[in-house]
Q: 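Sharing a structure, written as C-alpha cells. Questions coming.
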There are 2 protein chains.
Amino acid sequence: MGQLPTVLDVATAAGVSRQTVSNVLNSPELVRPATREKVESAIADLGYRPHASARRLRTQKSSTIGIRLDPMTDGISGSVLDRFLHALTEQADAKGLRVLLFTATDPDDEIRQFQRLRDGADVDAFVLTSTFHGDPRTEWLIENGQSFVTFGRPWGIDDMDDPQHLWVDVDGRHGLREATMHLLETGLTRIGYIGWPSPSGTGDDRRLGWMETMAKASGLTPAEVDALEVTAQEGVSYGAAAVRLLEDAPGGVDGVVCASDSLALGALIGSTRRIPIIGYDNTPVAASIGFSSVEQPLDQVAAGVLELLTGAHGGKLNDDTVTDPRHRLVKPRLVVRDVPTLGVATH
Amino acid sequence: MGQLPTVLDVATAAGVSRQTVSNVLNSPELVRPATREKVESAIADLGYRPHASARRLRTQKSSTIGIRLDPMTDGISGSVLDRFLHALTEQADAKGLRVLLFTATDPDDEIRQFQRLRDGADVDAFVLTSTFHGDPRTEWLIENGQSFVTFGRPWGIDDMDDPQHLWVDVDGRHGLREATMHLLETGLTRIGYIGWPSPSGTGDDRRLGWMETMAKASGLTPAEVDALEVTAQEGVSYGAAAVRLLEDAPGGVDGVVCASDSLALGALIGSTRRIPIIGYDNTPVAASIGFSSVEQPLDQVAAGVLELLTGAHGGKLNDDTVTDPRHRLVKPRLVVRDVPTLGVATH
DNA sequence: TGTCGAAATTTGATCGATCAAATTGGATCG
DNA sequence: CGATCCAATTTGATCGATCAAATTTCGACA
C-alpha cells in the first residue's frame, strides 16, 4: 500500500530484469512469448502502472496533446468545441494520449503558451481550433518545428497546400448542398440563405454550397438566386432581422438555410410565416427547439486529428513518406426535424 | 537551438551550482539577493524553463489536476461545465497547475480512470462535477487518500459535513430568492415555479429559495403558493407544457421562475400571455433570446476549488490544522433582461 | 583577532523509466 | 564437435530535476 510498484518490483517478481519488463511494455516482439506471459501476470498481480513522468523524462516525449480552451465562443455554438473536445479526449485516451488544456487571451499569448508547454516538455503536439487567415500561430509552430494539426483549413490561398500544415476540416459546402437540396426536394423553390459577410473562410465555403445547388437545381435565374441571399452578423437578433428582409422582398421565400444555429434560431423567431429553416452545427438548441440542422461529425474530426498526429510523420513532415494525405475533409450530415411550433400555443 | 538549457547550464552561466539555481526557483528566501539576481538573469538570458517531467519524477507531484469531461450534459446547460472548465484552466495556469482531461462512461469507469491517472502520477488531485447522492466516486477517493474537491455539495445527509470531503457549490437557494424577489418587487404577486421532481439535491435547494420568498413576501397563503409549483423533467418541451398548466390554473400566474434555462426557454415558448420568466444558469441561449437568468459565478467557484486544493491541507485532511473551512458556498447573481418578444413579428 | 553558530552554497544520491552496449543461450552448419 | 551467428536477456549509464547531508562563508561577539 505504501509504495507503488516499479519496473524493478515487477522484474523481481517475474524473475527477469528491468529491461525485459520495459520491453514487454514497449517492444513485445523482442520478448519470448513464455517470458512475456510471466511478466504480464506479474504486472497484473502487482497492479503495476508505468510512471508517466519517468518515462517522459527518459524518452523526451510527453504523449500529451495541448489544446486551447477558447474563451467561450460566445453565442450558441460554443458547444461545438465542447463536443469536439470530448471526442478528442475519448479517442486520445484509447491511444494512450492525454489531453492538456490551456487558455490564452490572444494569439500572441497563445504562442507564449506554446513555448512554455514545449519547453516544459508538457506536450508534444498541439491541436488548434478556429484558425483564421494569416494565422500567426501556425506560422510560429511551423518555424519552430512543433507538431500540430488544425481543426479548420488554413484559409490563406498559399497555405492551403503547405505540406507542413496538417489539417482536418468539415466540408461545410457539402453540408449546405445537402440542406438546400433537402428543401428543394420537398417541392420548395425559393430557398434563401442567411450567412456571414465575406470574407470569411468558413462562411464563404458554406455559402457556396447553397449557391451552387440553387444554380443547378432550383430553376431560378442567377439574379433571382442572388436576391435570396442576406448577410448578417453572427447572433440571434441579426438572424431575425435577416429573415424579415427575405420575407418582405418581392417573391418572398419558401425556406431558409443558415450559416449557423444562432442565425437559424433568429430566423425562426423573426419569421412571420411558418417556413422551414435549417441551421448549422446541430447544437443543443436546435435539438431542443426542434429545427433541422447540419451536424458536424466531430468524432470523425477527432479521429482524423489523431491519425495525422500519430501517423507516419507524427505530425512532422518527413519528406520521403508521402503516403498519407496531410489533411482530411469530412462530410457533415443533415439532421432533419419537423418545423417547430415556436410561440404558437397548442390549445 | 539544439538542446534546451538545463539547471546545469544556468548554474554554469551564473557561476553557481545546480542546487542554487533550484533554490532560486523553489525557495528564493534561501538565496542571497545578489546571487539570486545573477541566477535570474542567467535564466532569462538562456530562456531556461524547468523540465516539468523531471521535476515531477523527483518530487512525486504532478502539479496537474484531473477533471472529467462530461459526456455532454445534453440539453442547453452543457455550457456551464464549459465555462467552469475555462475558469478553472485559466486560474490553474496562474498557479502553475495544469488541467488534464479524461472521459468515462459511468462512475465505475471513472473510478478506473482515477486509478490509472493516480498510478501514472499523471495528476495529484481531481475535481469532480455533478456529484449525486451516495456517489461512489467520492467514497473511493476518500478511501484511497486521493486529493479532490467537488463542485457540488454531497447531497447525502451524512456526507455534507464529512471533513474529508472538500466542496464548493453555488447557493441556488439564494439565487431563486433573488429571482423571486425581483419579480415580486416589480409589483407581481403570483410567481410560479417550474422545477425538477424531488428528490434532487440541486433542484430541491433551488425550489426552497422560491418557496421561502413566496411565503415571506408574496402575501399568498401556503396553499396558494403550493398551487403555483409545477414539476417537470429537464427539457424545453416539458417547460412548455408546465407553463401551460400554470396559466390555465385558476388564478393563473404573473411570472415564472425556473430551475434551468431549458425549462425557462420552454416556458417562454409555451406561454400564451407575455409574462416575465426567469431561468437559471444564464446560458448563451438566455443571453441570445434575452430572458433573465441566474448566473453562477463560475470563476469564484474555480477559485474556491483551487484554494481548497492548494490550501493548508492540500486537499487532504490534516487533523490538526482546522483553520480554513473545508467548503465554500458562493452566491449567484441575477442577470436581468427585458422580456423578449418571442415569436411576435415587430412590423 | 579568534571562535562559534547560523546562513549560504555545494556535493552526492536519487526519483523510475529507457537507451545503448554487453552478455548469455540456442540453433545451424561445415 | 566446435565455431558462428542471431535471438533473448541483462547490465551500466542517463534523462533533469530536487532532496539530504556536507561544506564553506559570513557576521556577531568576547
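Bear in mind that the values here come from a model prediction, so they are computed numbers and not experimental data. Below, each value reflects all heavy atoms present in this structure, side chains not excepted, and no hydrogens, waters or symmetry copies. The chains referred to below are lettered A, B, ... by the order of the sequence lines, with proteins before strands, and numbering in each begins at 1.
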Q: Please give, in whole Å, the distance from C:dG16 P to B:His51 NE2?
A: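 Distance check: B:His51 NE2 to C:dG16 P gives 17 Å.
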Q: Looking at D:dG16, does its base get a donor-acceptor pair with the side chain of A:Arg56 below 3.5 Å?
A: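 Absent.
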Q: Does A:Ser17 place a side-chain N or O at less than 4.0 Å from the phosphate oxygens OP1/OP2 of D:dT11?
A: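 False: A:Ser17 side-chain N/O out of range (4.0 Å or more) of D:dT11 OP1/OP2.
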Q: With no hydrogens and no angle check, do the side chains of B:Arg112 and B:Gln115 hold a donor and an acceptor under 3.5 Å apart?
A: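 No donor-acceptor contact under 3.5 Å links the two side chains.
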Q: Would B:Thr105 and B:Asp109 count as having a side-chain donor-acceptor pair, cut-off 3.5 Å?
A: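 Yes, B:Asp109 and B:Thr105 have a side-chain donor paired with an acceptor closer than 3.5 Å.
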Q: On the nucleotide C:dT18, are OP1 or OP2 found under 4.0 Å from the side-chain N or O atoms that A:Asn26 carries?
A: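 Yes, because at least one side-chain N or O of A:Asn26 sits under 4.0 Å from OP1 or OP2 of C:dT18.
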Q: Look at the side chain of A:Leu57 and decide which nucleotide, out of C:dG16, C:dT9, D:dT9, has an atom nearest to it.
A: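 So the side chain of A:Leu57 is nearest to C:dG16.
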Q: Have a look at A:Arg49 and say if it touches a base, only the backbone sugar-phosphate, or nothing, with a 4.0 Å heavy-atom cut-off.
A: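 It contacts sugar-phosphate atoms only.
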Q: Just one of B:Leu141, B:Thr138, B:Val168 clears the side chain to side chain contact (heavy atoms under 4.5 Å, CB included) bar with B:Thr150, so which one?
A: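 Considering B:Leu141, B:Thr138, B:Val168, a side chain to side chain contact (heavy atoms under 4.5 Å, CB included) with B:Thr150 is found only for B:Thr138.
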Q: Taking atom types as they are modelled, is there a donor-acceptor pair under 3.5 Å from the base of C:dT18 to the side chain of A:Arg55?
A: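 Per atom types, no contact qualifies.
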Q: Please state how far atom NZ in A:Lys61 lies from atom C1' in C:dC19, giving the value in whole angstrom units.
A: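 In whole Å, C:dC19 C1' and A:Lys61 NZ are 14 Å from each other.
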Q: Side chains of A:Arg56 and A:Thr64: closer than 4.5 Å at any heavy-atom pair?
A: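 In contact.
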Q: Using only side-chain N and O atoms of B:Thr59, determine if any of them is under 4.0 Å from OP1 or OP2 of D:dC19.
A: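 Answer is no, no contact under 4.0 Å.
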Q: Select one nucleotide: of D:dA13, C:dT11, C:dA17, the one nearest the side-chain heavy atoms of B:Arg18.
A: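 Of all the options, the side chain of B:Arg18 is nearest to C:dT11.
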Q: Can you say whether the rings of A:Phe102 and A:Phe126 are parallel (under 30°), tilted (30 to 60°) or perpendicular (over 60°)?
A: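 A:Phe102 vs A:Phe126 ring planes: perpendicular.
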Q: Quickly work out the A:Leu30 CG to C:dC19 C1' distance and round it to whole Å.
A: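 Interatomic distance, CG of A:Leu30 to C1' of C:dC19: 13 Å.
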Q: Tell me the interatomic distance from B:Asn23, atom CG, to D:dA20, atom P, rounded to whole angstroms.
A: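 After rounding, the reported distance stands at 13 Å.
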Q: When you measure from the side chain of A:Tyr48, which nucleotide among C:dA17, C:dT18, C:dC15 comes out closest?
A: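 So the side chain of A:Tyr48 is nearest to C:dA17.
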Q: Starting from P on D:dG16, measure out to CG on A:Asp122 and report it in whole angstrom.
A: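 Atom CG in A:Asp122 sits about 15 Å away from atom P in D:dG16.
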Q: Considering heavy-atom distances to DNA chain C, does A:Ala52 or B:Arg32 have its closest nucleotide positioned more toward the 5' end?
A: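 By nearest-heavy-atom nucleotide position, the 5'-most residue is B:Arg32.
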Q: Expressed as a whole number of angstroms, how long is the span from A:Glu37:CD to D:dT9:P?
A: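 To the nearest whole Å, that distance equals 12 Å.
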Q: Choosing from D:dT9, D:dA17, C:dA20, which nucleotide comes nearest the side chain of A:Gln19?
A: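 Of D:dT9, D:dA17, C:dA20, C:dA20 is nearest to the side chain of A:Gln19.
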Q: Does a side-chain N or O of A:Thr20 approach OP1 or OP2 of D:dT9 to a distance below 4.0 Å, or not?
A: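 It does not, given that no N or O in the side chain of A:Thr20 lies less than 4.0 Å from OP1 or OP2 of D:dT9.
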Q: Contact class for B:Ser53 vs. all strands (heavy atom < 4.0 Å): base, sugar-phosphate, or nothing?
A: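 Counting heavy atoms under 4.0 Å across all strands, no contact is made by B:Ser53.
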Q: Side chain of B:Thr20, backbone of B:Val31: donor and acceptor closer than 3.5 Å?
A: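 Between the backbone of B:Val31 and the side chain of B:Thr20 there is no qualifying donor-acceptor contact (under 3.5 Å).
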Q: Roughly how many Å is it from CD in A:Gln60 to C1' in C:dT18, rounded to a whole number?
A: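 For the pair A:Gln60 CD and C:dT18 C1', the rounded distance is 11 Å.
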Q: Report yes if at least one side-chain N or O of B:Thr6 is closer than 4.0 Å to OP1 or OP2 of D:dG16; otherwise report no.
A: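 The answer is no; no side-chain N or O of B:Thr6 sits under 4.0 Å from OP1 or OP2.
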Q: Over how many whole Å does the gap from A:Arg58 atom CZ to C:dC15 atom C1' extend?
A: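 Answer to the nearest Å: 14 Å.
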